[in-house]
Participant: 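Can you read through this structure? Questions will come right after.
Residue numbering restarts at 1 for every chain, and letters A, B, ... go by the order of the sequence lines.
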There are 2 protein chains.
Amino acid sequence: MTTKKATLKDVAKRAGVHVSTASRALDPRTRHRISADVAAKIAKAAQQLGYRHNQMAASLRTKKTNAIGIVIPDITNMLFPPIIRGVDDRIAPHGYISIIGHTEGDAEREKRVIETLQVRGIDGLIVASARLDDEAITSAMKDDVFIVTVNRRVKDEGVSSVVSDERSGVGAVLAHLVSLGHRHIGYASGPAWSSTGEARLSAYRYWAGTHGIVHSESLIARATEYREAEGARCVDVLLASNPKLTAIVCANDLLAIGALAALKKRGISCPGDISVTGFNDIPFVDRITPSLTTVRIEHYQCGSAAAGILLEDLQAGPVRREPRHIVLPVSLVVRESTGPAPKPPRRKGSR
Amino acid sequence: MTTKKATLKDVAKRAGVHVSTASRALDPRTRHRISADVAAKIAKAAQQLGYRHNQMAASLRTKKTNAIGIVIPDITNMLFPPIIRGVDDRIAPHGYISIIGHTEGDAEREKRVIETLQVRGIDGLIVASARLDDEAITSAMKDDVFIVTVNRRVKDEGVSSVVSDERSGVGAVLAHLVSLGHRHIGYASGPAWSSTGEARLSAYRYWAGTHGIVHSESLIARATEYREAEGARCVDVLLASNPKLTAIVCANDLLAIGALAALKKRGISCPGDISVTGFNDIPFVDRITPSLTTVRIEHYQCGSAAAGILLEDLQAGPVRREPRHIVLPVSLVVRESTGPAPKPPRRKGSR
DNA sequence: GGGCGAACGGCAAACGTTTGCCCGAAATCG
DNA sequence: CGATTTCGGGCAAACGTTTGCCGTTCGCCC
């Protein structure tokens, strides 16, 4: 027979004090209100009884769960685990834990997930699956949940965010390709509902105008999802209308991987015929063949920074603080998937 | 001013019924005790007030949190995300959520993590970081926590587990290599404190005796951790004492990746000179060069099955059920890292 | 028409903490 | 030495549910 869990009351009784005294003695923040000797006595009693704090009862009373929710599309997408670690490592020292919810990139599911998390009682929310227009987030904000988006952001500037410097990332990629002689550079854009999709596309347009790159709407293909299959599809449409294409910039690594596969299937060599770049530098893209030239974002730091913002919010208490927006630096990492632009086949160069 | 959250009491008041009635009307399992019309009235009131069930208060009363803990070494190790998904997808329909704890493979941390989880209040525990001798698990069992280990198991048969069929996995690998002409096959073993390390090693010994494979203790190197660096080290020690080596079987993919790198650094070709195999088939080992021949385990099913056991336990209530042990089938997946054994350099073959 | 269940729903006691308030004693001060 | 503060700790009221236990009220049967 397992002795039913010891409660604070049991501890108090054994120590010969009132339960409230026991409570105070066991909480570091209030221990100073109790004399050292009686505190010691209580500690000993707790120890002997194998007392274990009941976080749920405490939460009910204080309305603080010391838990935060992390909402991501899918944990098997390797972009997210490092972010989660960043968050967890940051919040753990403060006594928080995280609860993960999966959206599968579905807005409807996101809403359900956030709802579940709220029922569960969370003190804050970190959302990595945010859409530019995210109803679930808007509605959660109404419930006074602290939210910060990570990796992506929402249109509403009132929601704190941590993102990477998309513009310079794309700029670095383009500069790199131009320096290799590429002029006809296609772009496989991410989905329009995602801030990364939108930001990186607009960055492409911005830089394309400044580098003497051939500029045409037909050089842009739009993926509807960040999925390998979409990357392959983008290659098909780009190739169809751009015979002179020598490079394809993809809005993220998954698209790039799909693109690589599509190229291979068509017998087009990379980087021999066409160079390909990605974005994010997810784990293992340095191991594939050809290893992927991409823009490294600091996944772990993203998570950590987002958690930092949330922690500040939480400590500030109910007063709603100014939203903050952090933009983390990125770096170009050149690997095998980019190389010099091939000379035009038979005829003289087009310049 | 945000209207304070509506409570059950508010709902009851608005519907003109007693709070207990409201409680019953809102719970599908007890709704039948309430007449349809009053139930409808309550539902409407709840709806209008934006009532949201307070899981914490309920948990306090019922001592059920509907949450389970998942303990893993590190979420950025790609072996685990699919397992987690398997668990989550399985438990979600039953109203459960999961909370993840990271151990970094450290026994001490594992204990702390499980302790935290218990304070948090969890109904059960799925542990993927189990050691053969796992004090943290033993002690948690004492607290009557339902536990099932996944991927690994503990020595104590009283703890339910879900593992893969290590023995046939290793057997398949060996048969494959033998059929390619390999006879001098080294083995990079996993750590001895892990059930996979131990089971796969003993499987290697078992099969080595049956296939006419050269058998010697010097053909076995022991990794102390499942890490790439250890894989590389194993290659060093194996090569040092086995000049005729033509294949290296690694106890898991991470070791194999490390082995591949070490071989490459030494200018030894794989599979030309030496074939390499892994175990687990983690994501992306099909994308590296050379792509890895390995044993596929069903990560997702592992998680799902473990969750299934746990769910049964939970539904059975406090009666402790017989522990169950599930062994999932594996399959050999042949890729580029294995090839025919090279002929001995100059002299005639050794047979 | 009396008796018997079943159906419906109210009552109140938990569940284990935290915390504002209060009180007595000791300490400090003028 | 009286008045005032400080200190240590007890009291009890929450926090929002769930649930065993009872009363009513009906419908039904003989």
Side-chain angles (χ1 to χ4, degrees), chain A residues 3-43 45-46 49-67 95 118-121 123 317-318, chain B residues 3-43 45-46 49-67 95 118-121 123 317-318:
Chain A
T3 51
K4 292 322 288 165
K5 319 283 180 213
T7 94
L8 206 46
K9 207 180 300 182
D10 302 329
V11 173
K13 192 172 303 171
R14 183 175 237 269
V17 300
H18 190 265
V19 51
S20 67
T21 309
S23 172
R24 289 195 254 258
L26 261 19
D27 180 348
R29 286 195 317 270
T30 48
R31 171 147 44 253
H32 64 95
R33 314 220 325 87
I34 307 296
S35 67
D37 51 347
V38 59
K41 200 166 53 181
I42 293 172
L49 263 40
Y51 168 72
R52 183 176 284 148
H53 182 82
N54 184 322
Q55 171 74 43
M56 265 163 9
S59 293
L60 177 58
R61 176 68 227 258
T62 60
K63 297 181 176 320
K64 282 213 51 186
T65 52
N66 289 331
Q118 289 196 74
V119 164
R120 230 66 207 195
D123 298 337
Chain B
T3 51
K4 293 316 293 163
K5 318 281 179 215
T7 93
L8 205 46
K9 207 179 300 181
D10 302 329
V11 173
K13 193 172 303 170
R14 183 177 239 268
V17 299
H18 190 266
V19 51
S20 67
T21 309
S23 171
R24 289 195 254 258
L26 262 19
D27 180 348
R29 287 194 316 270
T30 48
R31 172 148 42 253
H32 63 95
R33 315 227 315 90
I34 307 295
S35 67
D37 50 347
V38 61
K41 199 166 54 184
I42 292 172
L49 262 41
Y51 168 72
R52 184 177 283 148
H53 182 80
N54 183 324
Q55 171 74 42
M56 264 163 9
S59 293
L60 178 58
R61 177 69 226 260
T62 61
K63 296 178 174 322
K64 283 213 49 187
T65 52
N66 289 331
Q118 289 197 73
V119 165
R120 229 68 207 194
D123 299 337

Participant: Mind checking the CE-NZ spacing from B:Met56 to A:Lys64? Nearest 0.5 Å is all I need.
Facilitator: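 If we round to the nearest 0.5 Å, B:Met56:CE and A:Lys64:NZ are 11.5 Å apart.
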
Participant: Without decimals, in angstroms, what is the distance between B:Lys64 NZ and C:dC15 C1'?
Facilitator: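 In whole Å, C:dC15 C1' lies 16 Å from B:Lys64 NZ.
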
Participant: In whole Å, what is the span from the CG atom of B:Leu8 to the C1' atom of D:dC15?
Facilitator: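 After rounding, the reported distance stands at 13 Å.
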
Participant: Quick test: give all pairs of protein nitrogen or oxygen and nucleotides 9-12 of chain D nitrogen or oxygen below 3.5 Å, distance rounded to 0.1 Å.
Facilitator:
| from | atom 1 | to | atom 2 | distance (Å) |
| --- | --- | --- | --- | --- |
| D:dG9 | OP1 | A:Ser35 | OG | 3.1 |
| D:dG9 | OP2 | A:Ser35 | N | 2.7 |
| D:dG9 | OP2 | A:Ser35 | OG | 3.2 |
| D:dG9 | O6 | A:Arg33 | NH2 | 3.2 |
| D:dG10 | OP2 | A:His18 | N | 2.9 |
| D:dG10 | OP2 | A:Thr21 | OG1 | 2.1 |
| D:dG10 | O6 | A:Arg24 | NH2 | 2.4 |
| D:dC11 | N4 | A:Ser20 | OG | 3.1 |

Participant: Check side-chain contact (heavy atoms from CB on, under 4.5 Å) between A:Ala45 and all other residues, then give those that pass, not counting sequence neighbours.
Facilitator: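 A:Ala45 satisfies side-chain contact (heavy atoms from CB on, under 4.5 Å) with A:Val11, A:Arg14, A:Ala15 once adjacent residues are dropped.
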
Participant: I'd like to check the side-chain contact (heavy atoms from CB on, under 4.5 Å) partners of A:Val19; sequence neighbours left out, ordered by chain and number.
Facilitator: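 A:Val19 satisfies side-chain contact (heavy atoms from CB on, under 4.5 Å) with A:Leu8, A:Ala12 once adjacent residues are dropped.
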
Participant: Using a cut-off of strictly less than 4.0 Å, decide whether B:Lys5 has a side-chain nitrogen or oxygen near OP1 or OP2 of D:dG16.
Facilitator: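 No, because none of the side-chain N or O atoms of B:Lys5 sits under 4.0 Å from OP1 or OP2 of D:dG16.
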
Participant: Once rounded to the nearest 0.5 Å, what's the spacing between atom CZ of A:Arg120 and atom OG1 of B:Thr65?
Facilitator: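 Rounded to the nearest 0.5 Å, the CZ-OG1 separation comes to 6.5 Å.
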
Participant: B:Leu26 has an atom CG; how far is it from atom C1' of D:dG16, in whole Å?
Facilitator: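 That distance rounds to 13 Å.
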
Participant: Starting at atom CG of B:Leu60, determine the distance to atom C1' of C:dA13, rounded to an integer number of angstrom.
Facilitator: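 So the two atoms are 13 Å apart, to the nearest Å.
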
Participant: Using the closest heavy atom to pick a nucleotide of DNA chain C for each, name whichever of B:His32 or A:Asn54 lands nearer the 5' end.
Facilitator: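 The residue closer to the strand's 5' end, by nearest nucleotide, is B:His32.
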
Participant: Taking side-chain contact (heavy atoms from CB on, under 4.5 Å) as the test, write out the residues that go with B:Ala39, two or more places apart.
Facilitator: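 So B:Ala39 forms a side-chain contact (heavy atoms from CB on, under 4.5 Å) with B:Ala25, B:Arg31, B:Ile34.
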
Participant: Applying side-chain contact (heavy atoms from CB on, under 4.5 Å), can you list everything that pairs with A:Lys9, at least two apart in sequence or on another chain?
Facilitator: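 For A:Lys9, the residues satisfying side-chain contact (heavy atoms from CB on, under 4.5 Å) (neighbours in sequence not counted) are A:Thr7.
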
Participant: Atom CD of A:Gln55 and atom P of C:dT17: how far apart are they, to the nearest Å?
Facilitator: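 From A:Gln55 CD to C:dT17 P: 11 Å.
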
Participant: Calculate the interatomic distance between A:Arg52 atom CZ and C:dC15 atom C1'; express it in whole Å.
Facilitator: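 Whole-Å distance recorded here is 18 Å.
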
Participant: Quickly work out the A:Asp27 CG to C:dG16 C1' distance and round it to whole Å.
Facilitator: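 In whole Å, C:dG16 C1' lies 15 Å from A:Asp27 CG.
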
Participant: Sequence neighbours left out, what pairs pass salt bridge (charged side-chain N to carboxylate O under 4.0 Å, His left out) with at least one residue falling in residues 18-27 of chain A?
Facilitator: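 Only A:Asp27-A:Arg29 qualify under salt bridge (charged side-chain N to carboxylate O under 4.0 Å, His left out).
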
Participant: Nearest-Å distance, NZ (B:Lys63) to C1' (D:dT17)?
Facilitator: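 From B:Lys63 NZ to D:dT17 C1': 13 Å.
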
Participant: Is A:Arg31 touching bases, backbone alone, or none of the nucleic acid, heavy atoms closer than 4.0 Å?
Facilitator: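 Touches nothing.
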
Participant: Give one of base, sugar-phosphate or nothing for B:Arg29, where a contact means two heavy atoms less than 4.0 Å apart.
Facilitator: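 Nothing, no heavy atom under 4.0 Å.
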
Participant: So B:Thr62, base contact, sugar-phosphate only, or nothing? Heavy-atom distance under 4.0 Å.
Facilitator: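 Counting heavy atoms under 4.0 Å across all strands, the contact made by B:Thr62 is with sugar-phosphate only.
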
